[in-house]
Amino acid sequence: MEYQALAKDILGHVGGKENIVSLVHCATRLRFKLKENQRADAEGLKKNPGVIMVVESGGQFQVVIGNHVHDVWQAVRNEAGLTDDAPVVEEKGEKGNLLGRLIDIVSGIFTPFIGILAASGILKGLLALAVVCGWLTVESGTYKIWFAASDALFFFFPLVLGYTAGKKFGGNPFITMVIGGALTHPMMIAAFNASQQPGAVSDAFLGIPVTWFNYSSSVIPIILASWVSCWLEKQSTRLLPSSMKNFFAPLICLGVTVPLTFLVIGPLATWLSQMLANGYQSIYVLAPWLAGAAMGALWQVCVIFGLHWGLVPLMINNLAVLGHDSMLPMLLPAVFGQVGAALGIFLRTRDARQKMLAGSSVTAGIFGITEPAVYGVNLPLRRPFIFGCVAGAIGGAIVGFSDTHVYSFGFANIFTIAQMIPPGGVNATLWGGVIGTAVALVLSCGLTLVAGMPGRAAPEAVAPAGENDVLAPMTGTVLALDQVPDTTFASGLLGSGAAIIPSDNKVVAPFAGVVASLFQTKHAIGLLSDSGIEVLIHVGIDTVKLDGRPFTAHVKVGDRVQPGDLLLEFDRQAIIDAGYDLATPIIISNSDEYRDVVTVAATSVSAGAPLLSVSHQ
């Protein structure tokens, strides 16, 4: 299996299959719900080249994989022996804060069908484009068939949501799917249509008046009904004899929950849906440009922490209640702001590996997958990510000011432009969306080209490197890199170099340059020399697990240093007592830019003595 090794590594770093409560995936991420998050090793997993980033947010352990996430998800499931029929594990102890639990519920319900949800919205947008361009008419059979394909998911939303909500809430998903089917049953829709006619006679259930609503395309009613059904199912299963529970538990759920939904849950949820939609519209009307700027600036930040799932139901709810949504178009500049920043890096960098990564990130970002650009390119350099957010805010303000809407749901990508076409044809609101997106793309690209690569303001003028470019940052015993007890460092995956087993407790600067990065736990530091050499000094193996306790930093990111300046201090004995290896890799992380990296030190070295010699191509 192509991803078997990656699946094994992921499974090992999340604490094994026995630590997994549930596993789903979205467009680029594996989303684990774990019994004990402290058993997972995020830092260790980040070292795997098949993993873009690891994020712990919203009660989930999220592993960012990329476009092939489904294949990796399947490999992990196979490796762990997970199936769709596996029982839901009840979580014990700490449940997390309300926001985290809400995001976990929303993502768990929507992620299983996220691909078809986006595809349906794109197909709707392309059909609108075909009608505007005169390629199809709404009366043609071709249009009707494709429209049915694009609209089926949205019309029968309660069935699909009933199934996924039932699984998320730990009940029988087929019971909750049948409840969703009852909400969209032709007889119920006919009753709603009849109730809208003048002089219509009200219906009743066991003498209780019924207020009919059209629940097709609705979101909130079925989710609340599914929760009630799953709770009722658990109580029934607990109280009924084993010989009766298989038949009578579903009977009780259907016989109680369906009437309760039409009498109470549905009307209350519909009222809540309308309040949410109208409340959002009231805020949007007050300052649409400000709403656009905020969404354009903060959307990618929300994506990083997985908080964006909290807004997805609101967008779908707007479409169901209002027939259009103004939030989704404001996200398009946020997406293309990051795409533009990655494009700027692609045009600017001379690093072949970075250029390849930026180029592939641009392609993925155009189709709405921004994680490779954010985690792999923009965020590590910081400025490009900030420029992308700033450009997204300006573009979002333009979109908000233009009152641009979408008329079908999807995820922000190049096809969203087609979804902005109003039913009456192209107008100024569409062009406002296009202009705002283009401004974000061009502005972020331009800013990144001018000032987006810190420490590399003039790569053409890099001074030639001489011998002994990297001095020893500590005193101790020199170790060949392939002897380091960590496969990621020993394989040279992170770059060429050497290691030192320290005999004292200090790390000093190995050359003149700047501090490019400093881990929050202070166990590792990244430096950039004036001649362009990038060095990573990682004190000990797996010492990130010590949470910074034995380490003291004497510099911060952006500080200039000279050879011999004190960077870090650490407690050797505390690290040894905690059971960690003191071997300290000194890595030339951009070694692929040089012809050769040679260790010039003997078996032992003093701080400030020559350690590595770097030769240019």
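Position 1 is the first residue of the sequence; numbering continues from there. Not measured: the values here are computed from a predicted model.
Here M420 contributes atom CE and S326 contributes atom OG; the two are 11.5 Å apart, rounded to the nearest 0.5 Å. One finds the CG atom of D71 at 11.0 Å from the CD1 atom of I65 (value rounded to the nearest 0.5 Å). From S361, atom OG reaches atom CD1 of I366 across 11.0 Å, with rounding to the nearest 0.5 Å. Rounded to the nearest 0.5 Å, atoms CD1 (I316) and OG (S217) are 10.5 Å apart. Distance check, rounded to the nearest 0.5 Å: CH2 of W271 to OG1 of T211 gives 15.0 Å. With rounding to the nearest 0.5 Å, the separation of CG in L272 from CD in Q274 is 10.0 Å.
Residues T416 and N413 are in side-chain contact: their nearest non-hydrogen atoms beyond the backbone lie under 4.5 Å apart. Counting heavy atoms from C-beta outward, N318 and H324 have side chains that stay 4.5 Å or more apart. When side chains are defined from C-beta on, L328 counts as touching D325, because their heavy atoms get closer than 4.5 Å. At a threshold of 4.5 Å between non-hydrogen side-chain atoms, the residues V374 and Q300 count as touching. Here the side chains of S216 and F157 are not in contact, with every heavy-atom distance at 4.5 Å or above. M177 is not listed as a side-chain neighbour of L161, based on a closest heavy-atom distance of 4.5 Å or more. A 4.5 Å side-chain heavy-atom check between I417 and L430 finds at least one atom pair inside the cut-off. Side-chain contact between V160 and L153: present, with at least one pair of heavy atoms (C-beta onward) separated by less than 4.5 Å.
Under a 3.5 Å cut-off, the side chain of S218 and the backbone N or O of Y215 do form a donor-acceptor pair. A donor-acceptor pair under 3.5 Å is absent between the side-chain atoms of S229 and the main chain of A225, judged by distance alone. Looking only at distances, a side-chain donor or acceptor of N590 sits under 3.5 Å from a matching main-chain atom of G532. With T349 contributing its side chain and F346 its backbone, the two residues share no donor-acceptor pair below 3.5 Å. Between the T184 side chain and the G180 main chain, a donor and an acceptor come within less than 3.5 Å of each other. The backbone N or O of V63 lies less than 3.5 Å from no partner atom in the side chain of R29, so there is not a single donor-acceptor pair.
Considering all non-hydrogen atoms of both residues, V557 and A516 come closest at CG1-O, 3.7 Å. Minimum heavy-atom separation, V219 to I222: O-CG2, 3.3 Å. Of all heavy-atom pairs spanning G365 and V335, the tightest one is O-CG1, 3.6 Å. Across all non-hydrogen atoms, the minimal contact from S120 to A149 is OG-O, 4.5 Å. Considering every non-hydrogen atom in both A418 and L129, the closest pair reads CB-CB, 4.4 Å. Closest approach of C445 and L347 over heavy atoms only: SG-CD1, 4.2 Å.
There is no side-chain donor-acceptor pair under 3.5 Å between Q338 and S444.
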Report the C-alpha distance between F336 and I414 in whole Å, list the side-chain angles of each, state the deciding distance to 0.1 Å, and finish with yes or no for side chain to side chain contact (heavy atoms under 4.5 Å, CB included). CA-CA 9 Å; F336 276 82; I414 190 67; 4.1 Å; yes

Does the side chain to side chain contact (heavy atoms under 4.5 Å, CB included) test come out yes or no for L23 and F61, once each step is laid out? CA-CA 10 Å; L23 169 62; F61 188 85; over 6 Å; no

Going through the distances and angles, do K168 and T164 end up as a side chain to side chain contact (heavy atoms under 4.5 Å, CB included)? CA-CA 6 Å; K168 181 60 184 175; T164 57; over 6 Å; no

Between L127 and F147, does a side chain to side chain contact (heavy atoms under 4.5 Å, CB included) hold up when you go through it step by step? CA-CA 7 Å; L127 281 175; F147 181 82; 4.2 Å; yes

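In this structure, Q196 places its CD atom where more than 12 heavy-atom neighbours from other residues, nucleotides or ligands lie under 6.0 Å away.
Note: F213 and F192 fail the aromatic proximity criterion, with ring centroids not under 6.0 Å apart.
Applying the side-chain hydrogen bond (donor to acceptor under 3.5 Å, both in side chains) definition to pairs two or more places apart or across chains, none involves residues 129-150.
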Just distance, no hydrogens or angles: give the donor-acceptor pairs under 3.5 Å from side chains in residues 387-410, sequence neighbours left out.
{"residue": "S402", "atom": "OG", "partner": "I398", "partner atom": "O", "Å": "2.8"}
{"residue": "D403", "atom": "OD1", "partner": "Y284", "partner atom": "OH", "Å": "3.0"}
{"residue": "T404", "atom": "OG1", "partner": "T429", "partner atom": "O", "Å": "2.6"}
{"residue": "T404", "atom": "OG1", "partner": "G433", "partner atom": "N", "Å": "3.3"}
{"residue": "H405", "atom": "ND1", "partner": "D403", "partner atom": "O", "Å": "2.9"}
{"residue": "S408", "atom": "OG", "partner": "G121", "partner atom": "O", "Å": "3.2"}
{"residue": "S408", "atom": "OG", "partner": "Q419", "partner atom": "NE2", "Å": "3.1"}

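Relative orientation of the W212 and F262 rings is perpendicular, given thresholds of 30° and 60° on the angle between their planes.
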